Amino acid sequence: MALRALARIDLGAIERNARRLAAVAGPAALCAVVKADGYGHGMVPAARAAQAGGASWLAVATAEEARGLREGGLEGPVLVMGALSPEELEVAVAARADVVAWREAFVDGLPDGVMVHVKLDTGMGRLGTRDADEATRVAEAVAARDGLRLAGAMTHFATADDDPGFLAEQLELFTPWARAIKAAHPEILVHAANSAATLREPAAHFDLVRCGIAVYGMDPFQDDPAAHDLEPALSLVSYVAEVKDAEPGQSAGYGRRFVAGRPTRIGTLPIGYGDGVRRALTNNADVLVDGHRLPLIGTVSMDNITVDVGDSGAEPGAEAILIGTQGGERILAEEWARRLGTINYEVTCGISARVPRVYTP
Ligand SMILES: Cc1ncc(COP(=O)(O)O)c(C=O)c1O
């Protein structure tokens, strides 16, 4: 049975991407970032595939996500990278997750048994302290408390994808601080790199790299993931539910944003913005059917889109690929991102919960 909309997730691709990133990063270890439901791919299966490819750490943004990993049966170290309220901290601790700290007051409130990574803000301007002395005091406060363990020293890059100059500035701030903490506490992990920094800057690898986007086979530089031997893991699939002819002057969709100028065969696919096909793709996307690129015509509705079937011969029942490959043609999440003026991250995170994820090994 054809499903109206599904996201096909190639777990083998995630595993191979992780293996590739682990090789690039080596001897540094790989932490797979699986927050936001594995960037829309499904957190638990993505995490398992990344581990199979050699990821020895997992990272999430929230305590609930850490709990979800444990409930999904995942073992091994998990880092919650986000800020934690007292209530969320309890959830993170119960999930045996490592946490991030940058204020002494937060450390004072930690229960015994927690593993702590101290964050220096070297230019991202979100979480962490900009004051290296404060970061050092926090690290020493953690190390000095019997019940806690200092597990890491970290930062996060703001421009690894598009401004190597600022990346270098952040590295210059981070490296001496991290070296000093590591000299005093050789057992800790120093980590900084996201996918872009992992791929472009070996000096940012340290002990561990935290890769998200590249694990899923998308390009952190918004270009072609194949340039880095990465394989997109997600395909967004629908099918042709209806084909009919429009005479000149007849239209398709809300607002009549497509009006036939000549006899046109119009196919209707039962997928729409309720599934994550953003409305801004109205008259501005292609769909693959029978190996042909068919233009999306008219307005994207909540549950349907329409395409110009042309002379492709597409018939009802034919599979339609919105993101993915078919017959030598390919539509990347990066293509959607370009059309939408956004980034590939938002494209796959935006595929809604209504779309079943179907996993292939
Ligand atoms: C702190 C931190 N580290 C690493 C990552 C992974 O970044 P990317 O998906 O660009 O590899 C993220 C994701 O945004 C993050 O917030």
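Please read all numbers here as calculations on a predicted model, not as lab measurements. Order of appearance sets the numbers: ligands from 1, and atoms from 1 within every ligand. The figures here come from the full heavy-atom set of this structure, side chains too, leaving out hydrogens, waters and symmetry mates.
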> Is the closest basic N to carboxylate O distance between Glu187 and Arg149 below 4.0 Å?
Replying inline: no
> Tell me, which residues have any heavy atom less than 4.0 Å from some atom of ligand 1?
Replying inline: Val33, Lys35, Tyr39, Met81, Arg126, His156, Asn194, Ser195, Arg210, Cys211, Gly212, Ile213, Tyr345
> Between Arg103 and Asp108, is there a salt bridge with N-O shorter than 4.0 Å?
Replying inline: no
> Do Asn344 and Gln222 get their side chains close enough for a donor-acceptor pair, meaning under 3.5 Å?
Replying inline: yes
> Short question: side chain of Lys182, backbone of Ile188 - any donor-acceptor pair under 3.5 Å?
Replying inline: yes
> Does Thr159 use its side chain to pair, donor to acceptor, with the backbone of Asp162 at less than 3.5 Å?
Replying inline: no
> Would you say the side chains of Arg330 and Thr325 form a donor-acceptor pair under 3.5 Å?
Replying inline: no
